[in-house]
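A short write-up of the structure that comes next.
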Amino acid sequence: EKKVVLITGCSSGIGLSLAVRLASDPDKTYKVYATMRNLAKKERLLGCVKDLHKDTLDILQMDVTNHQSILEARDRVVEKRVDILVCNAGVGLIGPLEAQGLDTMRQILEVNLLGTIQTIQAFLPDMKARCKGHILVTGSIGGLHGLPFNEVYCASKFAIEGACESLAIILQHFNIHMSLIECGPVNTDFLDNQEKAELGDASLGQVDASTLSLYGQYLHHCTTMFQNAAQDTEDIVKVFLGAIQASRPSFRYYTSGAMPPLVRLKTSFPEGCRFIRAISQLIFPTEATEQQP
Ligand code: NAD
């Protein structure tokens, strides 16, 4: 019997690669429901699988911010169960906090936080009834420590950590596993798809010059970091596979293999200031920071 997998956000990036990998499994272990908000974007996924996987792949419409759309996708699962749920849909938001509009901030929380929670809610009762299941969530280093100009994105990803860690405590009693796959930078459409203030945008007209200078340095840091250190989606997919195949999956997986140094620094020095100084020096190396008395 195939393992039924449902993945959100499969029109690009990590979701697409994971769907392709699982649907192409040589042993046909998985039946994959690759879901996406906009079915007009399914060609890219179809292009990756050709016609090979008719019996292992189905594409469904699902907008994680739309409750009805989640329920309709769930009802289209022919097996009437999902063994492995992957909550992956997400969007980024960068820019100075004072320039963020309320609607944009709401939208980010709507997709990243409430979208993830709503999706889990839809599949949880059935998993509980069967005392079986594995929920995987694409987490982010931005959910483990702060990043400048990412206040709202980090808030959404920190919130996911809290929601999943809380739920995992209950799920133990139902033999349901929960895993967060914590990603650093990954080569996907994420940067292009994110909500981003560009230097020169009218929305930044009221922002002070020092902040804009820091923002410019941050954008530069981001570009360099993605060029030098981003992982490919295949690397991320391997970590997902390891978690999916584990008999006793961990709660957290770091896609880089180990806890990233800045997360370790934050955990080792819980007063918090060392982390804040270290990340500031990393991203704004030439700036003098105010000395603490
Ligand atoms: P991506 O932009 O290629 O993929 C995100 C997917 O989510 C897209 O297919 C998009 O259409 C979908 N999506 C957005 N809103 C949706 C909605 N309302 N309903 C359903 N789907 C929706 O980027 P990615 O890197 O593959 O991102 C996947 C996940 O990985 C996200 O949760 C992101 O926060 C996380 N992540 C990415 C990185 C990175 O550097 N790329 C780093 C850490 C975490």
Side-chain angles (χ1 to χ4, degrees), residues 6-21 33-45 48 59-74 85-94 104 106-120 122 136-145 147 150 152-161 163-164 180-196 221-237 239-240 252-256 260 263:
L6 186 138
I7 311 170
T8 68
C10 290
S11 61
S12 59
I14 298 167
L16 182 147
S17 287
L18 183 62
V20 171
R21 169 62 185 84
Y33 288 89
T35 74
M36 55 185 74
R37 180 181 35 181
N38 181 359
L39 283 182
K41 293 191 179 163
K42 71 178 176 190
E43 297 309 322
R44 193 156 155 194
L45 173 58
C48 294
I59 299 178
L60 299 176
Q61 195 277 335
M62 182 164 145
D63 177 345
V64 299
T65 64
N66 181 329
H67 187 59
Q68 197 55 36
S69 139
I70 298 174
L71 297 186
E72 281 171 19
R74 185 189 64 185
L85 173 66
V86 182
C87 298
N88 164 76
V91 250
L93 169 64
I94 58 170
T104 312
R106 277 214 176 98
Q107 186 55 25
I108 298 304
L109 292 168
E110 202 69 47
V111 177
N112 294 1
L113 174 60
L114 297 177
T116 302
I117 291 183
Q118 279 202 99
T119 306
I120 293 174
L136 298 103
V137 177
T138 312
S140 173
I141 297 308
L144 301 173
H145 67 61
L147 292 165
N150 277 271
V152 178
Y153 178 72
C154 285
S156 74
K157 293 291 184 182
F158 268 65
I160 284 182
E161 296 284 323
C164 293
L180 280 159
I181 311 299
E182 314 285 15
C183 304
V186 188
N187 284 314
T188 65
D189 294 350
F190 185 75
L191 289 188
D192 295 330
N193 289 339
Q194 74 183 341
E195 297 282 344
K196 175 182 175 188
H221 166 84
C222 232
T223 311
T224 321
M225 192 185 49
F226 267 83
Q227 273 165 5
N228 297 336
Q231 291 184 283
D232 288 325
T233 55
E234 284 72 29
D235 303 327
I236 309 302
V237 166
V239 180
F240 267 98
R252 272 197 192 88
Y253 290 85
Y254 300 100
T255 60
S256 58
V263 183

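We count ligands from 1, going down the list as the structure has it; atoms in each ligand are counted the same way. Count residues from 1 along the sequence. Quantities reported herein were computed from a predicted structural model and do not represent experimental measurements. Only this structure's heavy atoms are used, side chains among them; waters, hydrogens and symmetry mates stay out.
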Heavy-atom contacts under 4.0 Å between [X] and ligand 1: side chain, backbone, both, or neither?
| X | value |
| --- | --- |
| Asn88 | both |
| Ile14 | both |
| Asp189 | both |
| Asn193 | side chain |

So is there a nitrogen or oxygen of [X] less than 3.5 Å from a nitrogen or oxygen in ligand 1?
| X | result |
| --- | --- |
| Thr138 | no |
| Ser140 | no |
| Val111 | no |

With atoms numbered from 1 as shown, which atoms in ligand 1 lie under 4.0 angstrom from a non-hydrogen atom of [X]?
| X | result |
| --- | --- |
| Asp63 | 17 (C), 18 (N), 19 (N) |
| Gly90 | 5 (C), 7 (O), 31 (C), 32 (O) |
| Tyr153 | 33 (C), 34 (O), 36 (N), 44 (C) |
| Thr65 | 18 (N) |
| Met62 | 19 (N), 20 (C) |

Answer yes or no: is there a side-chain heavy-atom contact under 4.5 Å between Asn150 and Lys157? no

Give the minimum heavy-atom separation between Val239 and Thr255, together with the two atoms involved. CG2-CA, 3.9 Å

Heavy-atom distance to atom 16 (C) of ligand 1: which of Glu110, Arg37, Met36 wins? Arg37

